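Handing you a structure now.
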Amino acid sequence: MRYLRLYLHFVRFSFSKAMQFRVDFFFRVLMDIVFYLIQFVFFSVIYLHTDILAGWNIEQMKIFISGYIFIDALNMTVFSNNTWWLPQHINQGDLDYYLTKPVSSLFFLSFKEFAANSFLNLIIASGLVYWSISSYSGDLSSIKIFIYLLLLINGTLLYFFSHFLFLMSSFWTQSPRGFADVFYSVSHTMERPDRIFKGTARVLFTYILPFSVMASYPARFLLESFSVEILITMLGMTFVLFTILLLVWKKGLSVYSSASS
């Protein structure tokens, strides 16, 4: 409850700050709406030339698209502003501010900045998920829809853990961005169905850099027969990545040079 109350304070402060820059607020909303539109147009053009892509028809692909849009919007709302500043905090010694607080430094760094200007986009993304599911002509059980939504949240955590791990390279490289550019380049694989990858690429993007797991596996769980393997893979990867994140974080703090050192 203590951490929940603290997070609610973060949210209230973020909304009050966002309202002071209303042009920026609405520009970001418009920018993300254009991004969402491009995603649907891109796949619509592909389906002009084929009926099936990676085993999915266009209705199923819309569920997949809305799923990764939701993951992106949730990440942008909850985590993105925080991860953006992490390398600078490490390089400039500003991490001291977080390490001296009477709460988990990892929690503080992960949740301090709530992107109020992305919250409206999260509502829009949630509406797209509802639209794609409700317009689907096949049978979808309520329990599978519920688990699917939980798996999308799990996919967001996978995305955040992966991003955080890439950025923590700043502890050793002193880079102002860590390996952020590498992460953003590779992360676009989340926007493609996992079945288009074969061989080594499929193993890489499933078990090492699990971008294919984040959005594709929730969609596969919803659209295909019940699969325990999908649940185990997603939950297992989340547990493994979180464990690695904690270990690397502790190791990084051990080599961190604070502003006072």
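Because the structure is predicted, anything quoted here is derived from the model rather than measured.
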I'd like to know whether H9 forms a side chain to side chain contact (heavy atoms under 4.5 Å, CB included) with F114, so could you lay out the CA-CA distance, the side-chain angles of the two residues, the decisive distance to 0.1 Å, and finally the verdict. CA-CA 10 Å; H9 282 297; F114 180 91; over 6 Å; no
Do K251 and M168 come close enough that some side-chain heavy atom pair is under 4.5 Å? no
Look at the aromatic rings of Y98 and H89 and report parallel, tilted or perpendicular, splitting at 30° and 60°. tilted
CD on Q88 to CG on L167, rounded to 0.5 Å: 11.0 Å
Using 30° and 60° as the class limits, which term best fits the ring planes of F79 and F111: parallel, tilted or perpendicular? tilted
Looking at CD of E59 and CG of L223, how far apart are the two atoms once the value is rounded to the nearest 0.5 Å? 10.0 Å
Just checking, K144 and F221: is the charged tip under 6.0 Å from the six-membered ring centre and within 45° of the axis? yes
Is any side-chain heavy atom of P193 closer than 4.5 Å to one of M61? yes
I need the F70 CZ to L128 CG distance, nearest 0.5 Å. 11.0 Å
Find out whether L231 and I147 are in side-chain contact, i.e. whether some heavy atom of one side chain is under 4.5 Å from a heavy atom of the other. yes
Could you tell me how the ring of F10 sits relative to the ring of Y7: parallel (under 30°), tilted (30 to 60°) or perpendicular (over 60°)? perpendicular
So which of F205, F64, Y217 actually passes side chain to side chain contact (heavy atoms under 4.5 Å, CB included) with D194? Y217
Let's go through L253 and W249 carefully: what are the C-alpha distance in whole Å and the side-chain angles of both, what is the deciding distance for side chain to side chain contact (heavy atoms under 4.5 Å, CB included) to 0.1 Å, and is it a yes or a no? CA-CA 6 Å; L253 291 180; W249 176 250; 3.4 Å; yes
Side chain to side chain contact (heavy atoms under 4.5 Å, CB included) between Y3 and S104, intermediate numbers included: CA-CA 9 Å; Y3 280 89; S104 165; 3.7 Å; yes
Rounded distance [0.5 Å steps], OH in Y136 versus CG in L140: 6.0 Å
Candidate pair L247 and F242, rule side chain to side chain contact (heavy atoms under 4.5 Å, CB included), full reasoning: CA-CA 9 Å; L247 293 174; F242 183 63; over 6 Å; no
Please examine the side chains of N121 and M31, heavy atoms only from C-beta on, and report whether any two atoms are closer than 4.5 Å. no
Relative to each other, are the rings of F108 and Y97 parallel, tilted or perpendicular (30° and 60° limits)? tilted
